[in-house]
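Scope of the values below: all heavy atoms of this structure, side chains included, with no hydrogens, waters or symmetry mates.
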Amino acid sequence: MKKNILSWLLGKKTKPLSSPNNISTIPLSDQQIEGIVPVGQNMEPQQLVYGCGQSIGKQRDHNEDCIFAFSVTIGGETSSYPLGLFIVADGMGGHQYGEVASSTAARTLAGYLLKRFLPSIANPNQSMDEAIQDLMRSAINEAQRAVTQAAPGSGTTLTAALILGQQVTFGHVGDSRAYAVRPYGGGEILTRDHSLVKRLEELGQISSEEAAIHPQRNVLYRALGQGEILEPDIFTAPFPQSGHLLLCSDGLWSVVPDNNLYEIVVSSNDLQAACQKLVAAANDAGGPDNISVILVGLTT
């Protein structure tokens, strides 16, 4: 005679599920959540939570963006930490195979990094031979070679965040962005746009207001797949304290003001809802380009 699988696992009888009529699918309120997890009580182990959103936009006929999101949590008596990898890549508009370039870059970088981190999960005694920033640089160089072969003549932006514990190592090329969003509103841009207009603004030749409407604001001087020598920005920073990490393509940030981005994030009930609202805001502003966003939080 077959046993109920839960009874077999737990060694005791199980009660049947309640009638479907008694099941509620309404999201829990903040008050209900606080009743389950008391305010001020730290959660162990720390873990990454995230949401993603994407749209083709309203003026493009295909999607040249690519996103990648991965998270795993290691919890134990002697070690407890989250590992996450999040990537936004935007194939260069107007170039053939832009979608191939972005997908190739994201998959190649993710594969390179995860192949080096995942063995250490199975064997905690196995040490890493390279510093994390060196690994990120090697991964971006590998992605550069892959894009050049898979989509010659095309290119892509790439903004990657490798999270280990409470530290984030960024690899960045182009004008997709990473933001730190503060828990009660406001935030800051963590990456630097590799665009002609941004360079003119940095040199003091145009103002930020002029940069926002400049006819060449989408022209990049640095992108994956373009040129033989690539100089990515690679740096490590703390995860935003009690805040969120936001990665997005220019289809979002170029049409939705930064203050609006921050407000949408902090006023939303959860990260997935925030991502959908961010995408909707970009489309409401005309949706001139593909839209991609990843929003990451760290439980405390």
Side-chain angles (χ1 to χ4, degrees), residues 9 25 27-54 67-88 106 109-128 132-133 135-136 139 159-171 178-184 187 190 235-248 261-262 264-278 292-300:
L9 286 172
T25 59
L28 294 176
S29 66
D30 292 341
Q31 291 76 15
Q32 289 172 309
I33 293 174
E34 290 175 3
I36 298 171
V37 182
V39 175
Q41 178 175 316
N42 290 338
M43 295 180 64
E44 289 291 345
Q46 280 196 315
Q47 52 197 289
L48 295 167
V49 291
Y50 64 88
C52 304
Q54 236 184 0
I67 60 176
F68 179 92
F70 171 88
S71 175
V72 64
T73 299
I74 306 298
E77 183 177 357
T78 58
S79 63
S80 174
Y81 61 89
L83 167 65
L85 177 60
F86 303 92
I87 304 169
V88 170
L109 184 137
Y112 187 97
L113 290 175
L114 293 180
K115 282 180 183 178
R116 281 150 181 79
F117 273 95
L118 293 182
S120 66
I121 295 175
N123 180 9
N125 295 321
Q126 179 173 330
S127 61
M128 300 286 293
I132 294 180
Q133 288 193 9
L135 278 173
M136 180 65 78
T159 300
L162 177 63
I163 303 171
L164 186 60
Q166 297 189 33
Q167 296 292 314
V168 190
T169 297
F170 294 94
Y179 289 83
V181 183
R182 291 191 288 269
Y184 302 109
L190 300 176
F235 60 97
T236 299
F239 193 93
Q241 186 68 33
S242 300
H244 297 90
L245 179 66
L246 187 152
L247 306 182
C248 65
L261 296 181
Y262 306 145
I264 289 172
V265 172
V266 300
S267 64
S268 299
N269 291 330
D270 58 70
L271 300 189
Q272 189 57 43
C275 288
Q276 296 305 317
K277 289 179 183 178
L278 289 168
S292 292
V293 58
I294 301 174
L295 191 59
V296 188
L298 179 64
T299 64
T300 56

If we only count heavy atoms from C-beta on, is the [X] to [Y] side-chain gap below 4.5 Å?
X: Val168; Y: Thr236; result: no
X: Leu278; Y: Val265; result: yes
X: Val296; Y: Val49; result: no
X: Leu135; Y: Phe117; result: yes
X: Val293; Y: Ile67; result: no
X: Ile87; Y: Thr159; result: no
X: Cys248; Y: Tyr179; result: yes
X: Gln167; Y: Ile132; result: no

Check: Tyr50 ring centroid to Phe86 ring centroid under 6.0 Å: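 Judged by ring-centre distance (under 6.0 Å), Tyr50 and Phe86 do meet the cut-off.
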Looking only at heavy atoms, what is the nearest atom pair of [X] and [Y], with distance?
X: Ala161; Y: Leu245; result: CB-CD2, 3.8 Å
X: Pro82; Y: Leu48; result: CB-CG, 3.8 Å
X: Ile294; Y: Phe68; result: CD1-O, 3.5 Å

Taking Thr299 for the side chain and Gln47 for the main chain, is one N or O donor matched with an acceptor at less than 3.5 Å? yes
Please say whether the positively charged group of Arg182, taken as NZ for Lys or CZ for Arg, lies over the ring of Tyr184, i.e. under 6.0 angstrom from the six-membered ring centre and within 45 degrees of the axis.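 Cation-pi check for Arg182 and Tyr184: fails.
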Test item: side-chain donor near acceptor, Ser292 and Gln54, under 3.5 Å: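 There is such a pair between these side chains.
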